[in-house]
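These notes are about the structure you will find just below.
Ligands are counted one by one from 1 in listed order, and the atoms in each one are counted from 1 as well.
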Amino acid sequence: MFRRIKGTQDFLNLTLFNFVVDQAKKHLAQYHFTEIATPIIEPLEMYKRSTGQETEVVTKQMFTIETRKDEDKICLRPEATPSVIRAFIENKVQQIPWKIYTWGPMFRYERPQKGRYRQFHQFNMEIVGSQSVCQDAHFIKMLDRFFHDKLLLNNYVLLINYLGCPEDRASFLGILDTFLDGIIDKICSECKVRKEKNILRVLDCKNPHCQNLYKDAPKITDNLCAQCNSEWNTLQEQLTLLSVSFAVQPKLVRGLDYYSKTVFEFVSQNLGAQSAFCAGGRYNTLVSQLGGKQDQPSIGAAMGVDRTLLLLETVKDNLPLPQEPLLTVILPIEHAQNTLALLIADTLQYAGLCTDVLLEGDSIKSMMRKANKMGATYALIIGPDEQKEKTVMIKNMVTGASESVLQADLVEYFKR
Ligand code: HAM
């Protein structure tokens, strides 16, 4: 027996999954986004240049694929943002701002646990080519409305932070470095490596001892230039005016390298350690980093569909999930009625009615049991008498009532 690959999942019932994706598509359409699709395989080098050489996603979590010798190395996409920007550049998209979404599986070689998989699903949204901080407020409000109004979630918190412009970031890294020099003997060995390679990431070290030490760490928002400071204040004011509740989290730095200015995460305690179910931020230089001639300031986020599904477990009964259609199951009593059963099934199916046929030659008792298990509302019994008289016996599986109906009147009967 084969088993599924570690960190992957089988979805045997996609009702809730499809509901989330469909609702997200409808919601995004209201905000004038359109859907695109990009490949699952992309050049490995692209993620090194965008997601970041020193990020965990690139150094530890890439699924790379061996291809023919002279081809560039390729990988399974760990996230969609670089692919979207590559598609923007490669297809010479002229529409600015470009408001698009894309969704599908992403791959990261992580240590699997609840809410953390090696193949997971993101619903990814981007606005490429918009500089205004007001766009950030508008975008975050759109997400908050989706979770609150469309998915009826209320057990979450929005964390925000502001990483400033590249100049702010560069000077802050110096300030942080000096702070870390003062406590270098006390921080964990991983933070010592991060200090050298990707210093901002020390701030979201999960080690409680380090977290305690970093309580007094300098805040990037206390070290912003005048322009960034004004934008940071505007963002908070506008979110408040738009009735978005948020908490400022000075240690929120995000694990991907391309962010500048606004960053945010929607988190829920109900998810345990893997608490973020949607995250993103502003990235202003990715277009030029990936070879585009003119930079496009952009903002985006990705909802983790798998984690959102976990969150919905407790509220799903209140959601307007699509109803299963009423099922009619046809039971030919003898082999001689099989063809007639197929013809009747075809007529009902053509008329748009959900219909199935039992063709295995079981006894009537066992077929009735099967129809019941299948969730049939009607069992349609055809024996030699019905065949001769051009009728069927319809049994209502809910009320138990039976009636004989002419085969020619069946569609009308069910439509009624
Ligand atoms: P990210 O924070 O790496 O951001 O991922 C976004 C979301 O994807 C997470 O908050 C989480 O819900 C989900 N996720 C990530 N890794 C896993 C995993 N191993 N298992 C299950 N769910 C996971 C990005 O990917 C950025 N591209 C978001 C973005 C778009 N920023 C700007 N535009």
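Residue-ligand proximity: Y258 is placed with a non-hydrogen atom under 4.0 Å from ligand 1. Residue contacts with ligand 1: A80 is excluded, as none of its non-hydrogen atoms falls under 4.0 Å. Residue contacts with ligand 1: L256 is included, with a non-hydrogen atom under 4.0 Å away. Ligand 1 lies within reach of R254, whose nearest heavy atom is under 4.0 Å from it.
With Y162 as the fixed residue, the ring pair (Phe, Tyr, Trp, His ring centres under 6.0 Å) test singles out one of F264, F246, W232, Y259: W232.
Here D204 does not pair with R254 in a salt bridge; the nearest charged N to carboxylate O distance is not below 4.0 Å.
Atoms of ligand 1 lying under 4.0 Å from any heavy atom of G280, numbered from 1 in the order shown and given with element: 31 (N). Taking every non-hydrogen atom of E126 and a distance limit under 4.0 Å, the qualifying atoms of ligand 1 come out as 30 (C), 32 (C), 33 (N). Numbered from 1 in the order shown, with element, the atoms of ligand 1 that lie under 4.0 Å from a heavy atom of Y283 read 32 (C). The ligand atoms of ligand 1 that sit less than 4.0 angstrom from a heavy atom of R116 are 19 (N), 20 (N). The atoms of ligand 1 that sit less than 4.0 Å from any heavy atom of Q122 are 5 (O), 6 (C), 7 (C), 8 (O), 24 (C), 25 (O).
Contacts between R118 and ligand 1, counted as non-hydrogen atom pairs separated by less than 4.0 Å, are absent for every part of the residue. Counting heavy atoms closer than 4.0 Å to ligand 1, residue N124 contributes side-chain atoms (C-beta onward) but none from N, CA, C or O. Looking at A301 against ligand 1, only its backbone comes within 4.0 Å, counting heavy atoms.
Atom 13 (C) of ligand 1 has G304 CA, 3.7 Å as its closest protein atom, hydrogens excluded (heavy atom only).
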